[in-house]
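Some notes on the structure that comes next.
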Amino acid sequence: MAVLVTGGAGYIGSHMVLALLDAGHEEVVVLDDLSTGFEWALPPEVKLVVGDVADQALVTATVRQHRIDAVAHFAARIVVPDSVTDPLGYYLANTVKTRALIEAAVRAGVRHVIFSSTAAVYGEPETVPVPEDLATHPINPYGRSKLMSEWMIRDAAAAHGFSYVILRYFNVAGADPRGRSGQSTPNATHLIKVATQAALGQRTHLEVFGTDYPTPDGSCLRDYIQVSDLAEAHRVALDHLRGGGESLTLNCGYGRGYSVLEVIDVVKTVSGRDFEVRLSPRRPGDPARIVAGADRIRDTLGWRPKHDDLTGIVGQALAWEDSLSKRNLR
Ligand SMILES: NC(=O)c1ccc[n+]([C@@H]2O[C@H](COP(=O)([O-])OP(=O)(O)OC[C@H]3O[C@@H](n4cnc5c(N)ncnc54)[C@H](O)[C@@H]3O)[C@@H](O)[C@H]2O)c1
Ligand SMILES: O=c1ccn([C@@H]2O[C@H](COP(=O)(O)OP(=O)(O)O[C@H]3O[C@H](CO)[C@H](O)[C@H](O)[C@H]3O)[C@@H](O)[C@H]2O)c(=O)[nH]1
């Protein structure tokens with residue numbers, strides 16, 4: 001049986017493809033419209049279908065042709081502040097298109113779904129770390145677009161008999177330790193990527209969005225999970241579902257928060273470069289702090305992270321950014 005990875009040419013999806021191939025999975029099929037992903041991010045043995053996840057005829061044909069039993073659904077729009085200015089675009093990309101994909105896939109015989117959800121479903125929790133059963137109160141359209149997809153997947157699984165693992169990622173960072181993939185999005189907005197670009201002289205400065213939050217140093221706290229550790233969580237989730245395991249909703253994080261200012265310090269130390277940091281107003285849609293309650297995924301899937309170290313994560317991000325510019329890919 002084969003796995004369909006939607007958004008597999010993107011940052012996190014391409015690392016799941018590598019995790020599957022490294023573990024000996026023979027057939028991996030990627031469905032990606034290449035809106036933010038890259039064909040070169042995929043190893044040559046992977047079959048790439050270029051198209052939209054909401055193209056039900058294409059999904060049906062792909063599932064049948066490759067005898068796909070499991071879909072890992074990464075394809076989405078992912079930038080929190082963009083979702084505030086373009087909510088309808090986010091509900092279309094993340095909610096409406098997920099509905100179309102799930103319907104076509106399940107009708108064509110898919111038995112298992114792994115869904116890329118987000119810590120943004122929790123909104124602004126009163127205390128951290130946040131366990132999975134905390135009530136969800138997203139504070140931006142991105143988080144709401146993903147939470148609605150979670151609801152659809154649970155309801156459809158109950159009605160149509162497929163199993164799922166919903167993975168709520170905290171802040172994903174770093175790159176494949178062997179340098180085969182990394183975050184390649186042009187005009188990226190993610191903190192660690194932007195900070196490494198500033199360290200390498202590719203940006204003139206870095207802005208800190210808000211220094212008046214109720215956190216120890218006034219900047220936002222986030223739980224940064226390394227991308228290959230996250231990809232491995234998907235691989236073990238797939239084995240769990242194929243082995244008849246029950247449906248699960250799991251946080252993916254390390255259970256420790258770093259502030260924006262702490263991250264900037266680590267980037268400066270690891271790179272050995274100084275760069276200008278401007279203290280700016282808050283960015284719309286940002287919660288002050290979000291840190292994973294990280295036990296359930298260890299207890300249920302036996303997942304054990306290998307890269308829980310911010311210095312190492314920043315080192316990988318710097319190496320990837322450097323390799324992109326040497327290959328003229330940015
Ligand atoms: N990066 C993070 O910190 C983070 C955190 C939490 C959750 N997530 C989730 O992880 C998933 C992957 O994010 P990423 O950081 O790899 O983003 P990315 O932009 O690098 O990857 C998304 C991929 O999906 C493809 N795509 C987008 N819309 C499509 C469509 N309609 N049809 C087919 N392909 C489409 C893009 O071309 C791209 O290859 C997303 O669902 C995102 O919401 C990311
Ligand atoms: O140039 C920058 C970029 C970011 N930040 C700050 O750094 C923190 C992290 O911001 P990111 O843009 O890196 O990530 P987000 O926390 O906004 O969101 C990310 O993690 C979320 C889960 O926590 C979502 O899933 C989302 O898809 C993913 O982009 C925020 O406080 C942000 O304001 C800055 O100060 N300056």
Side-chain angles (χ1 to χ4, degrees), residues 5-16 30-39 41-42 48-55 58-59 72-83 90 92-94 96-98 100-101 115-122 130 138 140 142-143 145-146 149 167-173 181-186 188-195 197-198 203 205-211 213 215 219-225 227 230-231 234 251-253 258-261 263-264 277-292:
V5 182
T6 77
Y11 172 42
I12 306 170
S14 65
H15 287 80
M16 185 193 182
V30 166
L31 172 59
D32 199 300
D33 67 2
L34 302 180
S35 52
T36 57
F38 302 93
E39 189 167 359
L42 293 169
L48 170 63
V49 177
V50 178
D52 193 315
V53 295
D55 180 342
L58 180 65
V59 171
H73 178 36
F74 292 88
R77 290 178 65 185
I78 69 157
V79 180
V80 172
D82 280 358
S83 79
Y90 270 70
L92 173 62
N94 295 357
V96 176
K97 291 192 178 193
T98 295
L101 169 74
F115 178 62
S116 302
S117 190
T118 166
V121 299
Y122 295 114
V130 285
N140 50 55
Y142 170 75
S145 73
K146 288 282 182 172
S149 295
L167 295 174
R168 292 177 175 162
Y169 316 162
F170 284 62
N171 287 55
V172 189
S181 194
Q183 192 174 11
S184 310
T185 333
T189 55
H190 288 91
L191 176 66
I192 290 185
K193 180 154 176 102
V194 171
Q197 289 176 336
R203 292 184 188 239
H205 65 278
L206 174 78
E207 284 185 84
V208 177
F209 297 125
T211 49
Y213 285 99
T215 57
S219 67
C220 290
L221 282 186
R222 295 289 184 274
D223 184 343
Y224 293 91
I225 177 171
V227 64
L230 179 61
H234 291 72
N251 286 342
C252 295
Y258 289 92
S259 73
V260 173
L261 295 172
V263 169
I264 292 169
V277 174
R278 293 185 194 160
L279 306 184
S280 298
R282 292 183 180 193
R283 198 175 68 170
D286 277 344
R289 53 186 182 154
I290 182 91
V291 177

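Indexing begins at 1, ligand by ligand and atom by atom, following the structure's order. The shown structure was predicted, so the numbers you read here are calculated from the model rather than taken from an experiment.
The ring-ring contact (aromatic ring centres under 6.0 Å, His included) test applied to Tyr11 returns His15, not counting sequence neighbours. Among residues two or more places apart in sequence or in another chain, the side chain to side chain donor-acceptor pair (under 3.5 Å) test is passed with Asn140 by none.
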Item to check | Derivation of the side chain to side chain contact (heavy atoms under 4.5 Å, CB included) call for Arg77 and Leu92 | outcome: CA-CA 10 Å; Arg77 290 178 65 185; Leu92 173 62; over 6 Å; no
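Here the NZ atom belonging to Lys193 is positioned 5.5 Å from the OG atom belonging to Ser184, to the nearest 0.5 angstrom. A distance of 4.0 Å separates OG1 of Thr118 from OH of Tyr142, quoted to the nearest 0.5 Å. Atoms NZ and CG, from Lys97 and Asp55 in turn, are 9.5 Å apart once rounded to the nearest 0.5 Å.
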For ligand 1, which of its N or O atoms have a protein N or O partner closer than 3.5 Å, and how long is each gap?
{"residue": "ligand 1", "atom": "3 (O)", "partner": "Val172", "partner atom": "N", "Å": "3.2"}
{"residue": "ligand 1", "atom": "16 (O)", "partner": "Tyr11", "partner atom": "N", "Å": "3.3"}
{"residue": "ligand 1", "atom": "16 (O)", "partner": "Ile12", "partner atom": "N", "Å": "2.8"}
{"residue": "ligand 1", "atom": "19 (O)", "partner": "Thr36", "partner atom": "OG1", "Å": "2.7"}
{"residue": "ligand 1", "atom": "20 (O)", "partner": "Tyr11", "partner atom": "N", "Å": "2.8"}
{"residue": "ligand 1", "atom": "26 (N)", "partner": "Asp33", "partner atom": "OD1", "Å": "3.4"}
{"residue": "ligand 1", "atom": "31 (N)", "partner": "Asp52", "partner atom": "OD1", "Å": "3.2"}
{"residue": "ligand 1", "atom": "32 (N)", "partner": "Val53", "partner atom": "N", "Å": "3.1"}
{"residue": "ligand 1", "atom": "34 (N)", "partner": "Asp33", "partner atom": "N", "Å": "3.0"}
{"residue": "ligand 1", "atom": "34 (N)", "partner": "Asp33", "partner atom": "OD1", "Å": "3.4"}
{"residue": "ligand 1", "atom": "37 (O)", "partner": "Asp32", "partner atom": "OD1", "Å": "2.6"}
{"residue": "ligand 1", "atom": "37 (O)", "partner": "Asp33", "partner atom": "OD1", "Å": "3.3"}
{"residue": "ligand 1", "atom": "37 (O)", "partner": "Ser35", "partner atom": "N", "Å": "3.0"}
{"residue": "ligand 1", "atom": "37 (O)", "partner": "Ser35", "partner atom": "OG", "Å": "3.3"}
{"residue": "ligand 1", "atom": "37 (O)", "partner": "Thr36", "partner atom": "N", "Å": "3.0"}
{"residue": "ligand 1", "atom": "37 (O)", "partner": "Gly37", "partner atom": "N", "Å": "3.0"}
{"residue": "ligand 1", "atom": "39 (O)", "partner": "Gly10", "partner atom": "N", "Å": "3.0"}
{"residue": "ligand 1", "atom": "39 (O)", "partner": "Asp32", "partner atom": "OD1", "Å": "3.2"}
{"residue": "ligand 1", "atom": "39 (O)", "partner": "Asp32", "partner atom": "OD2", "Å": "2.5"}
{"residue": "ligand 1", "atom": "39 (O)", "partner": "Gly37", "partner atom": "N", "Å": "3.3"}
{"residue": "ligand 1", "atom": "41 (O)", "partner": "Phe74", "partner atom": "O", "Å": "2.7"}
{"residue": "ligand 1", "atom": "41 (O)", "partner": "Lys146", "partner atom": "NZ", "Å": "2.6"}
{"residue": "ligand 1", "atom": "43 (O)", "partner": "Tyr142", "partner atom": "OH", "Å": "2.6"}
{"residue": "ligand 1", "atom": "43 (O)", "partner": "Lys146", "partner atom": "NZ", "Å": "3.1"}

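Pairing each heavy atom of Pro284 with each of Val80, the nearest pair is O-CG1, 4.4 Å. Ala173 and Ile192 make their closest contact through CB-CD1, 3.7 Å (heavy atoms, listed as atom of the first residue, atom of the second, distance).
Annotation: cation-pi geometry satisfied between Arg282 and Tyr213 (NZ/CZ under 6.0 angstrom from ring centroid, within 45° of ring axis).
Near ligand 2, residues Ile78, Val80, Thr118, Ala119, Tyr142, Tyr169, Asn171, Thr189, His190, Leu191, Val194, Leu206, Glu207, Val208, Phe209, Cys220, Arg222, Tyr224, Val260, Arg283, Asp286 come within 4.0 angstrom through at least one heavy atom.
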